[in-house]
S.K.: 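Sharing a structure with you now.
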Amino acid sequence: LSRKVVTVATTLGEIALIRMGYSFRSRVEHDPGGDVSVIQMKDIDDMSSIHVAGAARLTLPAGKERHLLRPNDLAFRSRGRSYGATLVPEGMGVAVLAAPMLLIRPSNVLPAYVSWYLNAPSTQSRLASMAAGTSVQMISAEALKSLEIPLPSLSVQRDIAEVAALAERERSLMAELTLRRQALTARVLMDCARQTPRKDVR
């Protein structure tokens with residue numbers, strides 16, 4: 001990443017299809033016999049991981065197959081505490097993204113790079129300034145299309161995505177290590193409290 005990088009600037013709308021997720025006419029009701037998982041904002045955690053196991057299922061009406069998610073699509077949270085993007089993994093199964101989330105389908109650019117860029121702190125600040133609304137702040141598809149994004153070569157995009165993935169893995173491992181240390185310390189202290197002989201207080 002230290003080598004000289006030639007980068008051009010473009011907008012997200014020029015390198016990706018961006019559209020609103022599937023709009024349901026009523027509240028999504030879970031159908032155990034459904035053949036499609038419905039990915040809603042509640043199914044994406046703070047680590048930007050999609051949890052399909054807990055997603056509602058239903059039968060998608062005929063002719064709506066274009067709304068189905070594909071591997072390497074991005075699910076974008078258009079409102080909430082953050083405006084993060086989540087990469088749709090391989091093998092997730094048949095699923096559809098529910099509105100108000102936005103579907104981002106990159107072309108001629110590495111999807112993992114786009115995901116990294118959208119989740120970067122500086123980009124998150126820019127996205128927050130683009131949100132509109134009175135009671136609920138929300139980013140529209142049109143606003144997201146206008147977001148400028150630097151576009152280095154595919155090899156540099158790949159390097160950035162790989163380093164970002166390693167950094168995220170390190171962060172996850174450190175968080176897990178911290179929790180394990182806290183649990184171990186609590187257990188040792190509790191054992192100490194229970195095993196220490198009582199002394200009469202005068």
Side-chain angles (χ1 to χ4, degrees), residues 9-31 34 36-58 60-61 64-89 92-107 109-150 161 164-165 168 171-172 175:
T10 185
T11 62
L12 191 58
E14 292 177 323
I15 60 171
L17 165 69
I18 302 174
R19 66 175 179 227
M20 183 70 73
Y22 187 79
S23 296
F24 295 91
R25 295 181 179 178
S26 59
R27 185 172 178 271
V28 177
E29 297 291 344
H30 177 61
D31 176 8
V36 175
S37 296
V38 181
I39 306 302
Q40 304 175 73
M41 283 193 282
K42 69 177 183 63
D43 301 310
I44 300 179
D45 62 22
D46 292 338
M47 303 291 291
S48 292
S49 296
I50 299 177
H51 297 277
V52 183
R57 295 186 65 83
L58 52 70
L60 196 68
K64 302 297 183 180
E65 290 77 11
R66 71 184 185 90
H67 291 281
L68 295 177
L69 288 170
R70 302 176 186 173
N72 291 319
D73 279 350
L74 276 72
F76 181 81
R77 293 189 293 271
S78 61
R79 66 184 184 191
R81 292 174 297 173
S82 67
Y83 304 101
T86 300
L87 199 63
V88 175
M92 192 179 73
V94 183
V96 64
L97 189 67
M101 297 190 72
L102 298 176
L103 168 68
I104 303 174
R105 183 166 291 159
S107 60
V109 61
L110 195 68
Y113 169 78
V114 178
S115 179
W116 163 80
Y117 183 77
L118 290 175
N119 291 324
S122 59
T123 308
Q124 285 291 302
S125 296
R126 290 169 58 194
L127 289 170
S129 68
M130 296 167 63
T134 51
S135 59
V136 178
Q137 294 283 298
M138 182 172 175
I139 296 178
S140 67
E142 291 304 314
L144 191 59
K145 289 176 184 179
S146 69
L147 178 71
E148 289 191 355
I149 177 172
E168 176 60 26
R171 190 196 67 77
S172 177

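The structure presented is a predicted model; accordingly, all values stated were derived computationally and were not measured.
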S.K.: Which atom pair, heavy atoms only, marks the closest approach of Ser37 to Arg57?
M.R.: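 Shortest heavy-atom separation between Ser37 and Arg57 comes out as OG-NH1, 2.8 Å.
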S.K.: Tell me the closest heavy-atom pair linking Ser78 and Tyr83, and the distance in Å.
M.R.: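 Minimum heavy-atom separation between Ser78 and Tyr83: O-CE2, 3.3 Å.
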S.K.: Show, in sequence, the C-alpha distance, side-chain angles and deciding distance for Val52 and Asp43, and conclude whether the side chain to side chain contact (heavy atoms under 4.5 Å, CB included) test is met.
M.R.: CA-CA 7 Å; Val52 183; Asp43 301 310; over 6 Å; no
S.K.: Restricting to non-hydrogen atoms, name the atom on Ile39 and the atom on Ala55 that form the minimum distance, rounded to 0.1 Å.
M.R.: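 Shortest heavy-atom separation between Ile39 and Ala55 comes out as CD1-CB, 4.3 Å.
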S.K.: For Tyr22, give me all partners under ring pair (Phe, Tyr, Trp, His ring centres under 6.0 Å), at least two apart in sequence or on another chain.
M.R.: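 Listed in chain order: Phe24, His67.
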S.K.: Enter the distance from Lys145:NZ to Leu102:CG here, rounded to the nearest 0.5 Å.
M.R.: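 Answer for the NZ-CG pair, Lys145 versus Leu102, is 10.0 Å.
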S.K.: Please enumerate all residues that pass salt bridge (Lys or Arg N to Asp or Glu O under 4.0 Å) together with Arg171, with sequence neighbours excluded.
M.R.: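 Salt bridge (Lys or Arg N to Asp or Glu O under 4.0 Å) list for Arg171, sorted by chain: Glu168.
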S.K.: Which atom pair, heavy atoms only, marks the closest approach of Arg70 to Asp73?
M.R.: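 Scanning both residues completely, I find the closest heavy atoms to be N-OD2, 2.8 Å.
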S.K.: Is any side-chain heavy atom of Pro100 closer than 4.5 Å to a side-chain heavy atom of Met41?
M.R.: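 The answer is yes, as the side chains (C-beta and beyond) meet within the 4.5 Å cut-off.
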S.K.: List the steps, then state whether side chain to side chain contact (heavy atoms under 4.5 Å, CB included) holds for Asn72 with Leu87.
M.R.: CA-CA 6 Å; Asn72 291 319; Leu87 199 63; 4.1 Å; yes
S.K.: Hey, what do you get for CD1 (Ile50) to CD1 (Ile44), rounding to the nearest 0.5 Å?
M.R.: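 Output value for this atom pair is 5.0 Å.
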S.K.: Going from NE2 on His30 to CG on Leu58, what distance comes out if it is rounded to the nearest 0.5 angstrom?
M.R.: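 CG of Leu58 is found 9.5 Å from NE2 of His30.
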S.K.: Do the non-hydrogen side-chain atoms of Leu74 and Pro111 ever get within less than 4.5 Å of each other?
M.R.: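 Leu74 vs Pro111: side chains touch.
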S.K.: Taking atom CD1 of Ile18 and atom CZ of Arg105, what is their separation to the nearest 0.5 Å?
M.R.: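 One gets 12.0 Å once the value is rounded to the nearest 0.5 Å.
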S.K.: Please examine the side chains of Leu144 and Ile104, heavy atoms only from C-beta on, and report whether any two atoms are closer than 4.5 Å.
M.R.: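 Ile104 vs Leu144: side chains touch.
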S.K.: Might you point out which heavy atoms bring Met130 and Ala143 nearest each other, and give the distance in Å?
M.R.: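 Answer, listing the atom of Met130 first, then Ala143: CE-O, 2.8 Å.
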S.K.: Does the side chain of Leu127 reach to within under 4.5 Å of the side chain of Phe76, using non-hydrogen atoms?
M.R.: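 Contact flag for Leu127/Phe76 side chains = yes.
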S.K.: Are more than 12 heavy atoms, taken from residues, nucleotides or ligands other than Gln124, located less than 6.0 Å from that residue's CD atom?
M.R.: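 Enclosed: over 12 neighbouring heavy atoms sit under 6.0 Å from CD of Gln124.
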S.K.: Decide yes or no for Val109 and Ile149: does some side-chain heavy atom of the first lie under 4.5 Å from some side-chain heavy atom of the second?
M.R.: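 When only atoms from C-beta onward are counted, Ile149 and Val109 do not touch, as no gap falls below 4.5 Å.
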S.K.: What I'd like to find out is whether the side chain of Leu147 reaches to under 4.5 Å of the side chain of Thr11, using heavy atoms alone.
M.R.: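 No - every pair of side-chain heavy atoms lies 4.5 Å or more apart.
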S.K.: Considering only heavy atoms from C-beta outward, does the side chain of Leu118 approach that of Leu12 to under 4.5 Å?
M.R.: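 Answer yes - side chains close enough.
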S.K.: Considering non-hydrogen atoms only, spot the tightest contact between Ala131 and Gln137 and give its length.
M.R.: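 Closest pair (atom of Ala131, atom of Gln137, distance): O-OE1, 3.3 Å.
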S.K.: Check this for me: Arg126, atom CZ, are more than 12 non-hydrogen atoms of other residues, nucleotides or ligands nearer than 6.0 Å?
M.R.: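 Yes, because the 6.0 Å sphere around CZ of Arg126 holds more than 12 heavy atoms from other groups.
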S.K.: Check whether any side-chain N or O of Ser23 sits under 3.5 Å from a backbone N or O of Ala99 as a donor-acceptor pair, and report yes or no.
M.R.: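 It does not hold such a pair.
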S.K.: Roughly how far, to the nearest 0.5 Å, is the OG atom of Ser146 from the CD atom of Glu14?
M.R.: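 Answer for the CD-OG pair, Glu14 versus Ser146, is 10.5 Å.
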S.K.: Hey, could you give me the CG/CG distance between Leu97 and Leu103, rounded to the nearest 0.5 Å?
M.R.: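 Between Leu97 CG and Leu103 CG, I get 6.0 Å after rounding to 0.5 Å.
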S.K.: Tyr113: what forms a ring pair (Phe, Tyr, Trp, His ring centres under 6.0 Å) with it, not counting sequence neighbours?
M.R.: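 Partners of Tyr113 by the ring pair (Phe, Tyr, Trp, His ring centres under 6.0 Å) criterion, ordered by chain and then number, come out as Trp116.
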